[in-house]
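Presented below is the structure to which this report refers.
When a residue number appears, it is its place in the shown sequence, counting from 1. Since we're looking at a predicted model, the values are computed, not measured.
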Amino acid sequence: MPPCHLPIELEHKAYWAIKSFNMKTDESGEHGKLQLQELEEIRNDAYESARIYKEKTKAFHDKMISRKEFKFGQKVPLYHSRLRLFPGKLRSRWIGPFVVTNIFPHGVVEIQSLATSKVFKVNVHRLKPFYEGFQVENAATLDLKDPIYTS
């Protein structure tokens, strides 16, 4: 008998082990189906948690948006979004005042410039109420004097 062959007993046991393993296809199929179902449940849970997260994020975002209501004839400043090239650190991006001449649905307002009498439509998000001046009552004044240096 050549030395490269297994003895007959071991070969016979290996044959029966392979045969018994191959006969359990029903059990392995059930195990595979269970794994696929678990994977499907995990995927559905991920979709559900992503949907809940998106709803919460949208609710938070919508809560932070300020609703602005303007009236006919109200003065408003306009946000000048094209002021990009070296605007200056403290330069204001608000220009105006303008006067509201017409209000359209879905956040569109028609304004007229007080300086040039031009009329154009803008989005309501680019406007804010204009405060002309505050009434100052009981204001205290403090005169500042030059410091005196002594040596």
Side-chain angles (χ1 to χ4, degrees), residues 1-140:
M1 183 174 196
C4 64
H5 290 285
L6 290 173
I8 299 292
E9 295 173 8
L10 288 178
E11 190 175 330
H12 185 69
K13 286 182 182 178
Y15 170 75
W16 276 107
I18 292 172
K19 188 173 181 184
S20 66
F21 179 74
N22 287 339
M23 291 302 231
K24 295 180 183 176
T25 55
D26 294 338
E27 291 178 19
S28 62
E30 286 293 323
H31 183 67
K33 286 179 186 176
L34 287 175
Q35 284 182 333
L36 285 174
Q37 287 177 349
E38 287 178 20
L39 187 64
E40 186 71 22
E41 288 176 11
I42 291 170
R43 188 173 67 88
N44 288 338
D45 290 343
Y47 277 129
E48 184 66 20
S49 62
R51 185 185 61 79
I52 291 169
Y53 172 76
K54 286 178 185 177
E55 286 176 358
K56 285 183 181 180
T57 305
K58 183 183 181 327
F60 177 75
H61 177 266
D62 291 347
K63 184 176 72 171
M64 297 311 246
I65 293 175
S66 61
R67 307 286 181 218
K68 299 177 186 173
E69 305 244 344
F70 297 105
K71 299 175 192 145
F72 180 78
Q74 182 180 2
K75 288 185 178 180
V76 292
L78 173 67
Y79 182 76
H80 187 52
S81 60
R82 295 186 182 167
L83 188 63
R84 292 279 186 238
L85 190 61
F86 307 114
K89 188 172 186 177
L90 300 175
R91 186 170 178 183
S92 176
R93 293 184 180 266
W94 295 93
I95 57 173
F98 297 89
V99 176
V100 176
T101 58
N102 200 353
I103 300 170
F104 297 99
H106 306 295
V108 177
V109 175
E110 188 175 73
I111 58 175
Q112 180 179 12
S113 172
L114 292 177
T116 62
S117 298
K118 271 183 140 179
V119 177
F120 49 95
K121 296 177 185 176
V122 295
N123 193 326
V124 75
H125 294 281
R126 294 181 60 199
L127 301 174
K128 67 180 180 179
F130 185 76
Y131 298 108
E132 295 204 31
F134 295 102
Q135 297 291 339
V136 179
E137 300 174 10
N138 301 333

Test side chain to side chain donor-acceptor pair (under 3.5 Å) applied to Gln35 - qualifying residues, sequence neighbours left out: His31

Enumerate, atom names and distances included, each donor-acceptor pair closer than 3.5 Å involving a side-chain atom of residues 44-51, sequence neighbours excluded.
from	atom 1	to	atom 2	distance (Å)
Asn44	ND2	Glu40	O	3.4
Glu48	OE2	Arg51	NH2	2.3
Ser49	OG	Asp45	O	3.2
Ser49	OG	Ala46	O	3.0
Arg51	NH1	Glu55	OE2	2.6

Just to verify, what does Glu38 make a salt bridge (Lys or Arg N to Asp or Glu O under 4.0 Å) with, not counting sequence neighbours? none

Got a sec, which residues hit salt bridge (Lys or Arg N to Asp or Glu O under 4.0 Å) with Lys68, two or more places apart in sequence or on another chain? none

Qualifying ring-ring contact (aromatic ring centres under 6.0 Å, His included) pairs, either residue in residues 94-130, two or more places apart: Tyr79-Trp94, Phe98-Phe120

What residues form a salt bridge (Lys or Arg N to Asp or Glu O under 4.0 Å) with Asp62, not counting sequence neighbours? Lys58

Would you please name every residue forming a side chain to side chain donor-acceptor pair (under 3.5 Å) with Lys121, sequence neighbours left out? none

Gln112 meets the side chain to side chain donor-acceptor pair (under 3.5 Å) criterion, sequence neighbours left out, with none

Derivation of the side chain to side chain contact (heavy atoms under 4.5 Å, CB included) call for Leu127 and Ile111: CA-CA 10 Å; Leu127 301 174; Ile111 58 175; 4.2 Å; yes

Between the CD1 atom in Ile52 and the OG1 atom in Thr57, the distance rounded to the nearest 0.5 Å is 11.5 Å

Who are the salt bridge (Lys or Arg N to Asp or Glu O under 4.0 Å) partners of Glu69, not counting sequence neighbours? none

What residues form a side-chain contact (heavy atoms from CB on, under 4.5 Å) with Thr116, not counting sequence neighbours? Ser113, Lys118

